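Taking it in order: structure first as C-alpha cells, then the write-up.
It should be emphasised that the depicted structure is a prediction, and the values quoted were computed from it without experimental measurement.
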Amino acid sequence: MIALGLEGSANKLGVGLILHPPKGGPAQILANIRHTFVSPPGEGFLPKDTAKHHRSWVVRLVKQAMKEANVAIPDISCICYTKGPGMGAPLQSVAVAARMLSLMWGKELVGVNHCVGHIEMGREITGAQNPVVLYVSGGNTQVIAYASQRYRIFGEALDIAVGNCLDRFARTLNISNDPAPGYNIEQMAKKGKHLLDLPYAVKGMDCSFSGILASVDNLAEKLEHDVTGWLDEATGEVITREDLCFSLQETVFAMLVEITERAMAHVGSSQVLIVGGVGCNERLQEMMGMMARDRGGSVYATDERFCIDNGIMIAHAGLLAYRTGFTTPLEESTCTQRFRTDEVFVKWRD
C-alpha cells in the first residue's frame, strides 16, 4: 500500500509518499518534500500569509513528489492530511487540497492527528519499541506514554509551547527566521558561557514557559540599553546575547528533562523518544541522553528530515490507520485547531 501525506499545520508545507510492504517489514520512504514560509526577521508568520503560501505551493510539491517517487495515481491507496492541531487557515488550505485530490483521483481520505504522526514516524525511523515520548514543537509540549490503545499525556505546557518560547525570543533579538528561529537560537547558545538566573517553572508533571520568556525578554532589554556594558558579577566578563540564548535553552531543557524522567519512572520505561521540531536541538538531545544513561536507558531521536513537520509522517500514520479500516468521509474531512493526542484511538497497536 502507498499513501500520499499532506502536512501544513504551521509554516511548513510537506508532501510525502510512503510504501508499507504487503508482507510487513520496514516502511519505505518514496518521497519527502517540504517548503517553508519564512517571515522577515523580528516577525512571526501570520495564518493568512502562511495559508496563501501553502495554496501556492501544494500542487507543485505533489507533482514533484509523484515524479521523485516514480508513482502513478493508480498506485496510491489513500490521501492522508493533517486534521489538527495547528493554525486554522493553513490547516484549511491543506484540507481543501486533500479533498480536491480525493475527488479527482477517486481515493479515500484519512484525517491524521499531527502529534500522532510525529510519534509514529519517530518509532518507525528509530526502532523505539515502547518509549516515553517527549513531543516538543512550536505549538505543542507534551510528555506521552502509550497505554490501552491511546497515547496518554502525562505532562504538558500550561501556557505556550517550548518552541514558541524560543521562537518569540528570536523575534525579541530580531534574528533571522531562516532556516528557523529556534535553530538560530541554538547556534547562538553554543557560543554562550554565562548561565543567568531565570525562573524554573515545573508544576508537578507540567511546565510553564511564559514567565521565563517575559524574564529573558527583560534581560534582553537591559542588555540593549546598557551602554556601559553588563558585566557578570562572578567573572567580570561582559554578558552577551549569546549568553541569554544559552541561559534560556539550559533552563527550559532542564525542565523538560525533569518531567520526562519522572514519566519514565512512573511507567517503568528505559527509552525516551524525542519528536517535534525542537527535538532536532543537539543540546536537548545531549541533556536527555545524560539523564537516560544515568537510568541505564537510551534516547532515540531523528534528524531534521523527520523532526521538523513533514508530509511523510502524515502519510505513515494515516496508512497505519487506513490498514485497520479507518477512513474519513468527505463530509467529515474538516480540520480543527484543537485535537489532543489522547483523543485518537490507536487501533494499529496492541
Side-chain angles (χ1 to χ4, degrees), residues 1-10 12-22 24 26-34 54 58 61-62 65-66 69 71 73-86 90-125 133 135 146 149-151 275-276 302 305-306 308-336 339-349:
M1 287 184 173
I2 296 175
L4 173 71
L6 302 176
E7 154 59 26
S9 59
K12 275 85 176 171
L13 175 65
V15 176
L17 283 157
I18 199 164
L19 167 67
H20 286 187
Q28 298 176 24
I29 297 167
L30 306 179
N32 185 22
I33 298 170
R34 181 170 54 223
H54 291 359
V58 66
L61 289 192
V62 170
M66 298 277 285
V71 166
I73 294 171
D75 301 327
I76 295 175
S77 303
C78 59
I79 309 294
C80 310
Y81 75 98
T82 303
K83 187 177 181 68
L91 282 171
Q92 289 174 358
S93 296
V94 172
V96 168
R99 289 187 212 114
M100 174 196 70
L101 294 175
S102 172
L103 291 170
M104 284 178 59
W105 295 350
K107 305 295 182 181
E108 297 277 13
L109 278 171
V110 180
V112 176
N113 180 287
H114 179 87
C115 315
V116 172
H118 272 297
I119 295 169
E120 292 301 348
M121 198 70 233
R123 291 180 62 237
E124 178 68 24
I125 294 298
V133 179
Y135 171 37
Y146 173 80
Q149 295 189 303
R150 301 271 178 181
Y151 284 114
V275 299
T302 62
R305 293 173 298 166
F306 307 108
I308 298 171
D309 291 350
N310 59 85
I312 202 71
M313 72 182 194
I314 301 302
H316 179 58
L319 194 50
L320 288 173
Y322 180 75
R323 289 168 57 185
T324 69
F326 176 82
T327 60
T328 303
L330 184 67
E331 58 272 16
E332 296 177 15
S333 59
T334 57
C335 52
T336 174
F339 188 8
R340 288 181 63 80
T341 313
D342 51 11
E343 291 179 29
V344 178
F345 180 62
V346 186
K347 191 175 180 179
W348 56 90
R349 289 192 64 179

Q: Work out which heavy atom in T328 is nearest to a heavy atom in G111; give both atom names and the distance.
A: OG1-N, 2.8 Å

Q) Any idea which heavy atoms bring A31 and A65 closest together, and the distance? A) CB-O, 3.6 Å

Q.
With a 4.5 Å cut-off on side-chain heavy atoms, are M121 and T302 touching?
A. no

**Q.** CD1-CG distance between I312 and L319, expressed to the nearest 0.5 angstrom
**A.** 10.0 Å

Q: Would you check, one step at a time, whether the test side-chain contact (heavy atoms from CB on, under 4.5 Å) holds for T341 with I119?
A: CA-CA 10 Å; T341 313; I119 295 169; 4.1 Å; yes

Q: Might you point out which heavy atoms bring T334 and R99 nearest each other, and give the distance in Å?
A: CA-NH2, 4.1 Å

Q: Please examine the side chains of T324 and F345, heavy atoms only from C-beta on, and report whether any two atoms are closer than 4.5 Å.
A: no

Q) Which heavy-atom pair separates R340 from N113 by the least distance, and what is that distance? A) O-ND2, 3.4 Å

Q. Which atoms form the tightest heavy-atom contact between L109 and S333, and what is the distance?
A. CD1-CB, 3.7 Å

Q) Considering only heavy atoms from C-beta outward, does the side chain of F339 approach that of L91 to under 4.5 Å? A) no

Q: Please examine the side chains of L6 and V62, heavy atoms only from C-beta on, and report whether any two atoms are closer than 4.5 Å.
A: yes

Q: Check the side chains of K107 and S77 for a donor-acceptor pair under 3.5 angstrom, ignoring hydrogens and angles.
A: no

Q: Among H20, E120, R123, find the one that has a side chain to side chain donor-acceptor pair (under 3.5 Å) with H316.
A: H20

Q: Looking only at non-hydrogen atoms, find the nearest pair between R305 and R34 and report the distance.
A: O-NH1, 3.6 Å

Q. Between I76 and L17, is any pair of side-chain heavy atoms under 4.5 Å apart?
A. yes

